[in-house]
Amino acid sequence: MAKHETPLLDQLETGPWPSFVTDIKREAESRAKNERNIEYQIPQDCCDDLLGVLELSFKHGRTHWKHGGIVGVFGYGGGVIGRYCDQPEMFPGVAHFHTMRVSQPAGKFYTTKYLEEICDLWERRGSGLTNMHGSTGDIIFLGTTTPQLEEVFWELGHNLNQDLGGSGSNLRTPSDCIGQARCEWSCFDTQDICHDLTNEYQDELHRPAFPYKFKFKFDGCPNCCVASIARADLAFVGTWRDDIKIDQEAVQGYVNGEFPPNGGSHAGRDWGPFDIQKEVIDLCPTGCMRYEDGKLEINTPECYRCMHCINVMPRALRIGDDRGCSIFAGAKAPILDGAQMGSLIVPFIKVEAPYDEIKETVIEPIWDWWMEEGKNRERLGELMKRQGFQKLLEVTGFKPDPRMVQEPRTNPYIFWKEDEVPGGFDRDINEFRKYHQR
Amino acid sequence: MDQAEATEKIVTALKKKKGKTKFYFNDLAKILGEKPRVAKKLINKMIEDEVLEYWSSGSTSLYGLKGTGKQAEAEHEE
Ligand code: SF4
Ligand code: SF4
């Protein structure tokens, strides 16, 4: 029997999709039964009270959580988000119900043993509810009391070899796609650089001194499985400089229907026989492909490596061998005030351990600029808008490049400065008049 | 600037601010008159020494003198 009546929440379970309400109810039930005899360290009925307070919020049309708080583990300014209920008498089980952010393993690779261990820990010392994963990528532990924070942190660090992630005005937990571990399109080892930068920038991750949040994301290729270009202040997107490798025999295989296109996806419907002209050549955004007399050609300088043709014919087309990444700055995906895509700042850079060039010529100069010039709660992308892309080029020392311009006459932010022009802006009028009439 | 002087500066300045208990990192760096990286070292030590404490909304972090941060302020209630 449920502790609180929740008619409004129950309605959320009637739709066609799985519902978080069902999940919370299931956990509430399992805690009530406690078949595994867990020694719960926070109220056993916290999930019931969570449902109760949520129902009340729906009824009132307002939240019953207070805003933020002073909680954390010693020495860390991130990883814990204080959540206090403003109706603690009615819902004592969630009087404090803090969120903990736990750094996810690179590429989100888990062993089942590890998953079980973190779930057991959270069952015992928290609500048992998790969010796998938050939009930054972290494992999110939802709901525990203040005294449990240090305990959870200790167990994570000592027994599970795991750290808290970033929150607040910190570097957020860096996140990456599955990369070379399983994906043949990965142009660099996303997991290695993600792990390396996480370790290198521990101070930035745990001790907030930035104007606002800052995210790194690593995608091995332009398919952008972790959406770096849309969400990360610095997005690293794998790319290559040489030719796409073409296996003409395999191209024929696709044309003859031997291999299903798109690796067999979109197979829920009969699309008719594969048409290379319609499905690949005509959809190439730069028009740089040609299929004639049974031969496929790509004009490499025009290809901008959008991945479309490779996605459709993975057996026939492979990424090039001269690999690295492009770096984009300033993306953000906030709920309020406009999402923004990343702007290209480094067209191509090799991604090789120990990544000194990336750290010293890209990351650190950008941080120095943003830390000094950024206003409170201003993301890098907003500072770039306010002070101009040219300023970003100046602080990093990268040269303006046509590839930074989306199309002619956009991005009118790259201007000549007087000292870059021979003779400056002053002109000799007599010299000028020799060539031009009044 | 040595640590003791920095701590003294911050404590005096924050105590003077009436009705305000939470400050951005930049506000503290300004009080110290130091560049962010230098200020960060000094401020981290003040956290370690429990002179300052963190406050977080989840998306933003603020700093306050230990023990003075009232939750009410976060809800804009003076
Ligand atoms: S982003 Fe590219 S390399 Fe990474 S997993 Fe996705 S398809 Fe593979
Ligand atoms: S990767 Fe994109 S741009 Fe390049 S050839 Fe293939 S479809 Fe065209």
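Note: Ala209(A) leads Gly82(A), Ser167(A), Ala209(A) in heavy-atom pairs under 4.5 Å with chain B. Between chain B and the options Asp368(A), Val80(A), Thr99(A), the largest number of non-hydrogen pairs under 4.5 Å is found for Asp368(A). For the set Gly64(B), Ala39(B), Ser57(B), the entry with the most heavy-atom pairs within less than 4.5 Å of chain A is Ser57(B).
Arg377(A) approaches Ser59(B) most closely through the heavy-atom pair NH1-OG, 4.1 Å. What you find for Glu372(A) and Pro36(B) is that their closest heavy atoms are CG-CD, 3.5 Å. Considering every non-hydrogen atom in both Met371(A) and Asn26(B), the closest pair reads O-OD1, 3.8 Å. The heavy-atom pair separating Arg207(A) from Tyr54(B) by the smallest distance is CG-OH, 3.7 Å.
Contact annotation for Phe74(A): only side-chain heavy atoms (C-beta onward) come within less than 4.5 Å of a heavy atom of chain B. With a 4.5 angstrom heavy-atom cutoff, Phe25(B) touches chain A only via side-chain atoms.
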Could you walk me through whether Ser61(B) and Phe210(A) pass the side-chain contact (heavy atoms from CB on, under 4.5 Å) test, one step at a time?
-> CA-CA 9 Å; Ser61(B) 311; Phe210(A) 285 152; over 6 Å; no

Before giving the answer on side-chain contact (heavy atoms from CB on, under 4.5 Å), spell out for Asp203(A) and Asn44(B) the whole-Å C-alpha distance, their side-chain angles and the decisive distance to 0.1 Å.
-> CA-CA 10 Å; Asp203(A) 195 54; Asn44(B) 277 349; 3.7 Å; yes

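Of the possible donor and acceptor atoms, one in the side chain of Tyr63(B) sits under 3.5 Å from a partner among the backbone N and O of Pro208(A).
Distance check, rounded to the nearest 0.5 Å: CG of Leu62(B) to CG of Asn376(A) gives 8.5 Å.
Looking at Arg37(B) and Glu204(A), a side-chain N of the basic residue comes within less than 4.0 Å of a carboxylate O on the acidic one, giving a salt bridge.
Counting heavy-atom neighbours within 6.0 Å of Lys385(A) NZ, excluding the residue itself, gives a total of 12 or less.
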